[in-house]
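Working notes, beginning with the structure itself.
In listed order, ligands and their atoms are each counted from 1.
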Amino acid sequence: MKLAVAGGTGTVGAHVVEVARERGHDVVVLSRSEGVDLVTGTGLSDALAGVEAVVDVASTQTVSAKESTAFFAAVTRNLLTAETEAGVGHHLALSIVGIDRAPHAYYAGKIEQERIVRAGTVPWTILRATQFHEFAGQIRAQMSFGPVSIIPKMVSQPVAAREVAERVIDLAEQPPAGRVPDLGGPREERMAEMVRRYARASGARGLVLEVPIPGAYGRAMRDGTLVTTTDSDHGRQTFDQWLAARAR
Ligand SMILES: NC(=O)c1ccc[n+]([C@@H]2O[C@H](COP(=O)([O-])OP(=O)(O)OC[C@H]3O[C@@H](n4cnc5c(N)ncnc54)[C@H](OP(=O)(O)O)[C@@H]3O)[C@@H](O)[C@H]2O)c1
């Protein structure tokens, strides 16, 4: 099958491309480094020639709801328009568990992305996943000030990006399915504890302070809003297993 992966150079996107190629699919990567700008639409229509399904795992880094919404709206509209012109029969978007239960600036864009996909004419699948194991390193990098890391008090249920990629390709190989069961990691973890273990495994020293964040999003982080509900699927690799595999 010929697949296009929007954001195929990213954290999960690189796994999506790898899994698809391992299974013998013909993969086109849509990212700026591959000459396609999904926000402006540059290079998109040529890239979709002959493509049967598009997997959207593009993302932006922002703490602004306006910027997040503008990014995901532009990317999704440009993809769906180009897919319609190219006769693509399946649009698959990766979203995040809890986006409609927790008020977060980035999530505003994900809600808009899902809304546009559902309202569009290209048959679709939406998979929501919890945070990837990589999130511990990302939040540590963002929230470290000298030797001190200030980490929000947060219950997470991290999942292996590789397992998310496997599920994404399973779904891309099937007909469009609408919203499918969420995918979370095998167990709940405290983010500050994950960051401590990540730092230790990386040979880093320093202090990790766990700080409750005020407001509705802070509450959602603490009270388990961002973990899966009972009707969800779960990956196998724990955070510690991922750390050990990463060290090898
Ligand atoms: N991170 C998590 O824990 C997590 C959990 C659940 C779901 N998700 C969702 O999974 C998806 C991927 O997240 P991620 O963390 O893997 O993303 P990421 O590592 O930040 O990668 C973003 C990708 O988007 C591409 N991109 C950004 N701007 C672009 C543009 N204007 N045109 C074309 N490509 C562009 C980047 O490539 P270039 O820079 O080369 O353009 C890169 O390939 C997102 O939808 C996210 O909401 C993430």
Side-chain angles (χ1 to χ4, degrees), residues 4-19 27-48 54-63 65 67-79 82 91-100 102 104-114 116-117 125-142 154 156-165 167-169 171 180 182-185 189 191 194-195 198 221 226-228 232-235 239 242:
V5 182
T9 54
T11 307
V12 72
H15 288 288
V16 171
V17 170
E18 185 180 76
V19 171
V27 181
V28 182
V29 175
L30 312 175
S31 69
R32 289 168 298 185
S33 47
E34 297 289 330
V36 177
D37 191 320
L38 297 163
V39 172
T40 62
T42 306
L44 189 50
S45 53
D46 287 346
L48 290 192
V54 169
V55 171
D56 181 9
V57 287
S59 188
T60 187
Q61 286 186 3
T62 179
V63 289
E67 283 176 21
S68 177
T69 304
F71 176 85
F72 284 106
V75 168
T76 308
R77 288 208 176 93
N78 284 336
L79 280 172
H91 180 92
L92 197 156
L94 181 62
S95 191
I96 307 179
V97 169
I99 53 168
D100 40 12
H104 184 266
Y106 178 82
Y107 293 173
K110 299 301 292 180
I111 288 171
E112 181 65 356
Q113 175 187 21
E114 287 196 8
I116 295 169
V117 170
T125 303
I126 293 175
L127 170 69
R128 289 184 179 179
T130 54
Q131 285 149 353
F132 310 143
H133 293 318
E134 282 82 353
F135 193 78
Q138 291 162 351
I139 198 167
R140 180 174 180 272
Q142 286 162 13
M154 177 176 191
S156 184
Q157 192 179 3
V159 64
R162 166 79 191 196
E163 291 179 344
V164 174
R167 174 62 57 90
V168 162
I169 296 302
L171 292 165
V180 295
D182 296 350
L183 179 62
E189 307 270 2
M191 185 53 69
M194 286 168 61
V195 170
Y198 179 91
M221 284 197 282
L226 302 179
V227 303
T228 55
S232 306
D233 293 333
H234 296 99
F239 181 69
W242 174 79

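Side-chain atoms of E67 and T60 include no donor-acceptor pair closer than 3.5 Å.
Residues E134 and W242 are in side-chain contact: their nearest non-hydrogen atoms beyond the backbone lie under 4.5 Å apart.
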Could you pull out the N/O contacts under 3.5 angstrom between ligand 1 and the surrounding protein atoms?
residue	atom	partner	partner atom	Å
ligand 1	3 (O)	F132	N	3.0
ligand 1	16 (O)	T11	N	3.3
ligand 1	16 (O)	V12	N	3.0
ligand 1	19 (O)	T11	N	2.8
ligand 1	19 (O)	T11	OG1	2.8
ligand 1	24 (O)	S59	N	3.2
ligand 1	28 (N)	R32	NH2	3.4
ligand 1	31 (N)	D37	OD1	3.1
ligand 1	32 (N)	L38	N	2.9
ligand 1	37 (O)	T9	OG1	3.1
ligand 1	39 (O)	R32	NH2	3.0
ligand 1	40 (O)	S33	N	3.3
ligand 1	40 (O)	S33	OG	2.9
ligand 1	41 (O)	R32	N	2.9
ligand 1	41 (O)	R32	NE	2.8
ligand 1	43 (O)	G7	O	3.2
ligand 1	43 (O)	T9	N	3.3
ligand 1	43 (O)	T9	OG1	2.6
ligand 1	43 (O)	G10	N	3.0
ligand 1	45 (O)	A58	O	3.2
ligand 1	45 (O)	K110	NZ	2.6
ligand 1	47 (O)	Y106	OH	2.7
ligand 1	47 (O)	K110	NZ	3.0

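Of the possible polar contacts, one joining the K110 side chain to the L94 backbone as a donor-acceptor pair under 3.5 Å is found. Put simply, the side chain of T130 gets close to the backbone of Q157: a donor and an acceptor are under 3.5 Å apart.
The distance from atom OG1 of T125 to atom CG of D56, rounded to the nearest 0.5 Å, is 12.5 Å. Atom-to-atom distance recorded for Q138:CD and F132:CZ is 8.5 Å, nearest 0.5 angstrom.
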